[in-house]
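On a predicted model such as this, the values are computed, not experimentally measured, just so you know. Residue numbers start at 1 and run along the sequence shown.
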Amino acid sequence: MTTEHQTLALILFSVFIAVTLGITTWVSRNRHGSAEEFYAGGRLFSPMENGFAIAGDYMSAASFLGISGLIALFGYDGLLYSVGFLVAWLVVLFLVAELVRNCGRFTLADVVAARMSERPVRIAAGASSVVVSVLYLVAQMVGAGSLVGLLLGNSSAGARTLTVVGVGALMVVYVSFGGMRATTWIQIVKAVLLMGGAVTLTVLVLLRFHGNFDQLLSTAAERSGHGAKFLNPGLKYGGDWTARFDFMSLGLALVLGTAGLPHILSRFYTVPTARAARRSVVWAIGLIGGFYLMTIVLGFGAAALLGPEQVRASNASGNTAVPLLAAFLGGGAESTGGAVLFAFVAAIAFATILAVVAGITLASSASVAHDLYASLKRRHAKQRSEVAVARVAAVGIGAAAIGLGLVAQNLNVAFLVGLAFAVAASANLPVLLYSLFWREFTTRGAVWSVYGGLVPAVLLVVLSPVVSGSPESLFPGVDFQYFPLQNPGIISIPLGFLAGWLGTVTSTEEPDVRKHAETEVRSLTGAGAV
């Protein structure tokens, strides 16, 4: 990128930041400071608005940058992310959306605590939500660093550091001053921009091949250097038994993890009724489905037009495939058209990162204040003090995400999100499903379910090749790798369900049948829902 082209991209970044800060300022002047306003935006959003916000929250840097990059590098095996991220919404639609909206108030712990001893359940679920959120935030930080590194020619590690710190600071501002209302509108604006950018690039790629998708695939296979293997399973996950188990583990995490993501669950509380929550998911599925179909075209388009080697030369994990493709489609990086399209796509990607980190930070700070802080006090905190704690928590969570994001700069963002999904599916999904559908479930079962999934998932990640033992690890100079898989889902998800069952059957507590009946009626009918 020339200096003029870098300036253009930075101007577009600045315009989006100015618009979002304007939204945050406007919202902060019109809020009344209650917990319902801060956490749920007053529950005033329509299904369409919330559907766009859900799509904006879900289509993260992993989707736009990471998935297309993985497809460009590994062909068919990269498709697992697109398919897994989309299929996961069927679980959300049929098992979670309406029931969670009826049973909860602000967080996942509200659903579980409705029929359990509140304090231990809220502490467990709150801690799990924070861990998942921080892992997800790290992926967004890595995406931001990769994007600005490409913009500046990968010449300045200091610039990447400043970018990650800047993104962290902005997300704290969005959450602290605007709450859920500002975050939602930022996500809606981002979803519209992202869909517009994806449609533009997809049309340009297909025009290059005269609308012939078969020609696109064959050209991508030829440029990849792997021939037909590029279009068949196994290039990334088809080697030894370890790679194949990794494939299954990742698939489980992606399909089951969405229903346990705190920032997705919190979106169901921003609409007035359970029916509106379900309609929100229908809107989101339509938008998300269309987007992930386009990531397939963009990934194979990058492989066909740029070649995996050029993508890998820019970023070893493929995170910069889409911006590079945009520059190529516009006429090359040195041309005005290429610079404009690159700047447009880079600005959209940056907007994606800012919107997603705002949603995740809000959900995790809500867990800290509404679950952990309120539970650790002898008496529940007043609403205003709870909101104040949430704002302070946003700062701490942002600092943690910044630190980890700086360490993980060389990992693929889609891969990092896969880890967050694995932890969510291991710790949050079992306790959520047991609470909604198992009459005999007890407090001990709930606590064991959360920790029985969370601790093994985090421990297995620490002992995996992700952290040490290989040149691509977070710490390549040391080796304490004892777990061979990169994604722990295939082990930790069953352990979460097993721990919940074991804790329940060994508990001396009698299950509260009356509370279960109340919860069941409330979840199915909405009677008594907030």
Side-chain angles (χ1 to χ4, degrees), residues 91-92 94-132 249 252-253 255-262 265 367 370-372 374-376 421-460 488-525 528-529:
V91 178
V92 177
F94 292 116
L95 291 180
V96 172
E98 288 188 69
L99 305 183
V100 165
R101 174 61 188 85
N102 282 335
C103 288
R105 190 179 177 205
F106 301 130
T107 64
L108 164 69
D110 289 335
V111 180
V112 183
R115 46 180 290 221
M116 309 290 176
S117 298
E118 284 205 33
R119 186 170 181 174
V121 168
R122 285 193 180 277
I123 291 173
S128 173
S129 295
V130 171
V131 171
V132 172
S249 186
L252 275 175
V255 171
L256 299 178
T258 300
L261 292 175
L265 295 175
S367 293
H370 185 63
D371 298 328
L372 298 178
S375 297
L376 292 174
F421 273 61
V423 178
S426 304
N428 292 348
L429 183 64
V431 72
L432 180 61
L433 294 183
Y434 279 148
S435 297
L436 290 173
F437 299 110
W438 191 13
R439 184 186 303 272
E440 306 298 322
F441 199 43
T442 64
T443 300
R444 177 190 282 186
V447 173
W448 283 26
S449 181
V450 173
Y451 292 131
L454 177 64
V455 174
V458 173
L459 183 62
L460 291 177
I490 198 169
I491 303 295
S492 58
I493 295 173
L495 285 178
F497 281 99
L498 178 63
W501 172 81
L502 190 61
T504 298
V505 298
T506 60
S507 175
T508 56
E509 173 191 358
E510 286 293 326
D512 193 326
V513 178
R514 184 183 60 83
K515 279 190 176 181
H516 171 75
E518 289 178 1
T519 303
E520 189 173 40
V521 171
R522 180 176 169 181
S523 67
L524 294 175
T525 67

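To the nearest 0.5 Å, the span separating OG on Ser426 from CD1 on Ile491 amounts to 10.0 Å. Put simply, CG on Leu256 and CG on Leu433 are 8.5 Å apart, with the number rounded to the nearest 0.5 Å. Here the straight-line distance linking atom CD of Glu118 with atom CG of Asp110 works out to 8.0 Å at 0.5 Å rounding. Expressed to the nearest 0.5 Å, how far CD of Glu440 lies from OG of Ser507 amounts to 11.0 Å. One distance of note links CG of Leu502 with CG of Leu495; it measures 11.0 Å at 0.5 Å rounding. Atom OG1 of Thr504 is separated from atom CZ of Arg439 by 14.5 Å, given to the nearest 0.5 angstrom.
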What's the verdict on side chain to side chain contact (heavy atoms under 4.5 Å, CB included) for Val91 and Thr258, showing C-alpha distance, side-chain angles and the deciding distance? CA-CA 8 Å; Val91 178; Thr258 300; over 6 Å; no
Take Phe421 and Val132, measure what side chain to side chain contact (heavy atoms under 4.5 Å, CB included) needs, and give me the verdict at the end. CA-CA 8 Å; Phe421 273 61; Val132 172; over 6 Å; no
With side chain to side chain contact (heavy atoms under 4.5 Å, CB included) as the criterion, how do Val100 and Leu432 come out once you've worked through the C-alpha distance, each side chain's angles and the decisive distance to 0.1 Å? CA-CA 9 Å; Val100 165; Leu432 180 61; 4.0 Å; yes
Stepwise side chain to side chain contact (heavy atoms under 4.5 Å, CB included) check, Met116 with Phe441: CA-CA 9 Å; Met116 309 290 176; Phe441 199 43; 3.2 Å; yes
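For the side chain to side chain donor-acceptor pair (under 3.5 Å) test, residues two or more places apart in sequence or in another chain that qualify with Asp371 are Thr107, Arg122.
Taking every heavy atom of both residues into account, Gly126 and Ser367 meet most closely at O-CB, 4.0 Å. Looking at every heavy atom in both residues, Ala422 comes nearest to Ser492 through O-OG, 4.4 Å. What you find for Val121 and Val447 is that their closest heavy atoms are N-CG2, 4.2 Å. Listed here is the closest heavy atom pair of Pro430 and Ser449: CB-OG, 3.3 Å. Shown here for Pro488 and Leu460, the closest heavy-atom pair between the two residues is CB-CB, 3.7 Å. Summarising the geometry of Leu436 relative to Cys103, their closest heavy-atom pair is CD2-SG, 4.1 Å, with the distance given to 0.1 Å.
Arg115 and Ser435 share no donor-acceptor pair across their side chains, judged by distance under 3.5 Å alone.
Test Phe497, Trp501, Trp448 against Tyr434 for ring pair (Phe, Tyr, Trp, His ring centres under 6.0 Å) and you get one pass: Phe497.
With contacts defined as side-chain heavy-atom distances shorter than 4.5 Å, the pair Ser128/Val450 qualifies. A heavy-atom distance below 4.5 Å is not found between the side chains of Thr442 and Glu510.
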